[in-house]
Amino acid sequence: MKVTAIKGFADILPGETETWQFVEDKARAVFELYNFSEIRIPIVEKMELFSRSLGETTDIVEKEMYTFADQDAKGSLLALRPEGTAGVVRAYVEAELYQTEAVRKLFYLGPMFRRERPQKGRLRQFYQIGAEVLGRGDPFVDAEILLLLRDFFEIVGLDGLTLELNSLGCVQCRPRYREELLVFLQEREKKLCANCQRRMSRNPLRVLDCKEETCLRLTTDAPSIHKFLCKDCETHFGTVQELLHGTRLDFKLNPRMVRGLDYYCRTAFEWTSSRLGSQNAVAAGGRYDGLVEDLGGPSTPGVGFAMGIERLVLLLGSKGAREAGRPSLYLVWVGAPARAWLFSLVHQLRRRGFSVEMEGEAKSLKSQMRRADKLRARFVLIVGDEELKSGKGILRNMNSKEQFEISLDRIEEELNKVKGFKG
Ligand code: HAM
C-alpha cells in the first residue's frame with residue numbers, strides 16, 4: 001500500500017525547486033546588500049516561547065500549533081515553530097548578542113508549521129524568508145526594511161503588489177484605544193461571532209482581524225487607532241510615511257490591520273497581491289519593541305518581516321523558472337575499455353567544475369544519445385575501442401549538431417578550446 005504525504009504538507013519537486021532556489025538566492029543577495037547576517041534557529045522550541053510572545057488569544061496559539069509532550073521534562077510541551085520571530089529573539093537573548101553589537105540585522109529561511117485549513121497558498125508546513133533588526137527603534141529602519149522588500153520584489157520580477165501600512169501604537173497609547181474599542185464592541189457584542197465574543201474582553205483588537213462577514217460589517221465604523229496615537233507614536237508613524245513618500249514607495253493606510261500576532265507595536269504592514277485569492281499576503285511584519293524584554297533580555301526595540309515562499313513561487317509562475325541544470329558533457333562509450341577510461345575522465349572533469357554525466361550499464365549508442373538529449377547535454381563525447389586506439393574521440397555539439405574529432409590525450413585542455421564548451 002502506498003504511504004502518502006500528510007494533508008497540507010507538500011513535496012517540492014525538481015522542476016519547482018529551481019524557482020525556489022531562484023527566490024532564495026535573490027533574497028540572500030538582497031540581504032547581503034543590506035548587511036544582514038544569517039541566523040539558523042531550531043524548528044522545535046518550548047511551547048511557552050510562542051504562547052508568551054505571540055499571545056495566548058491569537059489563532060496560532062489557540063488552535064494552530066503542533067504541540068507534543070516533552071518526553072524529557074514531565075508536564076512540558078514542545079511545539080513546531082509557527083513563525084520565526086520568537087525563536088530569533090529567544091536566541092538573541094540567550095546568546096546575549098546585544099553585548100557585542102548594538103544593532104543586529106538577522107535573516108533566516110526555513111519551514112514553519114501551522115495547523116490551518118489547507119488551501120491555495122496556505123499550507124501546514126510552509127516556508128518563510130524572514131528578517132529581524134534588533135536594537136533600532138528609529139523610523140528609518142522601518143522604512144529601510146520596506147525598501148529592502150521593494151528591491152527584492154523588483155529583482156525577482158514581481159509587480160502589482162500593494163503595501164498596506166498601519167501603526168498599532170505603544171504601551172502608552174494603545175490601552176486607551178483598546179478601551180474605546182471595547183466600548184464600541186460591547187454595544188454590538190450579541191451579534192458578533194462566538195469567537196469574537198469569547199476573545200473580545202481579553203483582546204478586543206483581535207475582533208478587527210476577524211474574517212466573518214457579520215463581524216466585518218459590524219465593525220466598519222469602529223474607532224480608528226490613528227486618532228489615539230500618542231505624540232511619539234504619531235511622530236514615528238509620520239516619519240515612516242514621509243520616508244516612503246520620499247523614496248516613492250506607494251502604500252495604503254489601513255487602520256484595521258492589527259496583524260495576527262500580539263507582539264506588534266507601532267509600524268505594522270502587509271504586502272498583498274490580488275492574484276492570490278483569499279490568502280493574499282505575500283510578506284508581512286512590523287515592530288515589536290517589547291518582545292526582547294518580555295523574553296528576558298534588556299529593553300531593545302525590534303522590527304522585521306517574513307514572506308511566504310510558496311506564495312512568491314505561485315505569483316512568479318514560469319517567470320521565476322530558472323533553467324534546470326544541464327550537463328556540459330555527456331560521455332557515450334562503446335565497449336568496456338572505453339567505459340573504464342571515461343569513468344575516470346568523468347571524475348577528473350567534475351573536479352574541474354564541469355557537469356558531466358555517463359551511463360554505467362551497457363546500453364546501445366542510440367539509447368545513450370537519447371539520454372544525452374533528454375538531459376539537454378550541450379556536448380557529447382563518443383569513445384569506443386577505435387577511438388581509444390587512435391587517441392581521437394568524437395565530439396558532438398548537441399545544439400548545432402556539428403561533429404569533429406578531438407584528441408583524447410590532454411582532453412581537458414582540448415575541451416577548453418572548444419567554442420561554447422564552458423557555457
Ligand atoms: P505572518 O503574517 O504570520 O507573520 O506570516 C508572514 C508570511 O508568511 C505571510 O504573509 C505569508 O506569506 C506566509 N504564511 C503565513 N502562514 C502561511 C501558511 N499557512 N501557508 C503559506 N504561507 C504562509 C509572521 O510570521 C511574523 N513572524 C513576521 C514578522 C517578522 N514580524 C516581525 N518580524
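All residue numbers in this chain count up from 1 along the given sequence. As the structure is a prediction and not an experimental result, all values here were calculated from the model. All ligand and atom numbering here is 1-based and tracks the order in the structure.
The distance from ligand 1 to the heavy atoms of Val282 drops below 4.0 Å at these ligand atoms: 10 (O), 12 (O). Interface atoms of ligand 1 facing Thr85, defined by a heavy-atom separation under 4.0 Å, are 26 (C), 27 (N), 29 (C), 30 (C), 31 (N), 32 (C), 33 (N). For ligand 1, the atoms closer than 4.0 angstrom to any heavy atom of Ala283 are 10 (O). Which parts of ligand 1 touch Leu261 is read off a 4.0 Å heavy-atom cut-off, strictly below it: atoms 4 (O), 24 (C), 26 (C).
Nearest protein heavy-atom contact of atom 9 (C) of ligand 1 is Ala281 O, 4.0 Å. Nearest protein heavy-atom neighbour of atom 2 (O) of ligand 1: Arg259 NH2, 2.8 Å. Nearest protein heavy-atom neighbour of atom 31 (N) of ligand 1: Tyr264 OH, 2.6 Å. Given atom 20 (N) of ligand 1, the protein heavy atom at minimum distance is Leu123 N, 3.0 Å. Protein heavy atom closest to atom 13 (C) of ligand 1, with residue, atom name and distance, is Gly308 CA, 3.7 Å. The protein atom (non-hydrogen) at minimum distance from atom 23 (C) of ligand 1 is Phe126 CD1, 3.3 Å. Looking only at heavy atoms of the protein, atom 21 (C) of ligand 1 is closest to Gly121 O, 3.2 Å.
Tyr127 does not count as a contact of ligand 1, since none of its heavy atoms falls under 4.0 Å from the ligand. Not close to ligand 1: Gly130, with no non-hydrogen atom less than 4.0 angstrom away.
For Phe343 and Trp333, the distance between ring centers is not under 6.0 angstrom. Between Tyr92 and Tyr98, a ring centre-to-centre spacing shorter than 6.0 Å is recorded. Remark: aromatic rings of Tyr177 and Phe228 are close, center separation under 6.0 Å. For Tyr264 and Tyr288, the gap between ring centers reaches or exceeds 6.0 Å. Between Phe354 and Phe421, the distance from one ring center to the other falls under 6.0 angstrom.
Of the candidates Ala306, Gly84, Ser273, it is Ala306 that places a heavy atom closest to atom 7 (C) of ligand 1. Looking at Phe305, Tyr263, Phe269 and measuring to atom 26 (C) of ligand 1, the nearest heavy atom belongs to Tyr263. For atom 8 (O) of ligand 1, the nearest non-hydrogen atom from the set Gln128, Glu132, Arg115 comes from Gln128. Selection from Glu83, Gln119, Arg114 by nearest heavy atom to atom 3 (O) of ligand 1 gives Arg114.
With a 4.0 Å cut-off on non-hydrogen atoms, Pro82 does not touch ligand 1 at all.
Aromatic ring pairs are classed by plane angle as parallel below 30°, tilted from 30° to 60° and perpendicular above 60°; the pair Phe31 and Phe305 is parallel. The aromatic rings of Phe237 and His226 lie tilted to each other, with the angle between the two planes from 30° to 60°. Between His245 and Phe251, the ring planes lie tilted relative to each other; the angle falls in the 30° to 60° range.
Taking only nitrogen or oxygen atoms, main chain and side chain alike, Glu116 reaches within less than 3.5 Å of ligand 1. For ligand 1, the polar-atom distance check against Ile60 finds no nitrogen or oxygen pair separated by under 3.5 Å.
With hydrogens and angles left out, the side-chain atoms of Arg396 and Ser400 include no donor and acceptor closer than 3.5 Å.
A cation-pi arrangement is present between Arg115 and Tyr66 under the rule of less than 6.0 angstrom and at most 45 degrees off the ring axis.
Counting heavy atoms from C-beta outward, Arg326 and Arg378 have side chains that approach closer than 4.5 Å.
For Glu359 and Arg339, the salt-bridge test fails: no basic side-chain N is under 4.0 Å from an acidic carboxylate O.
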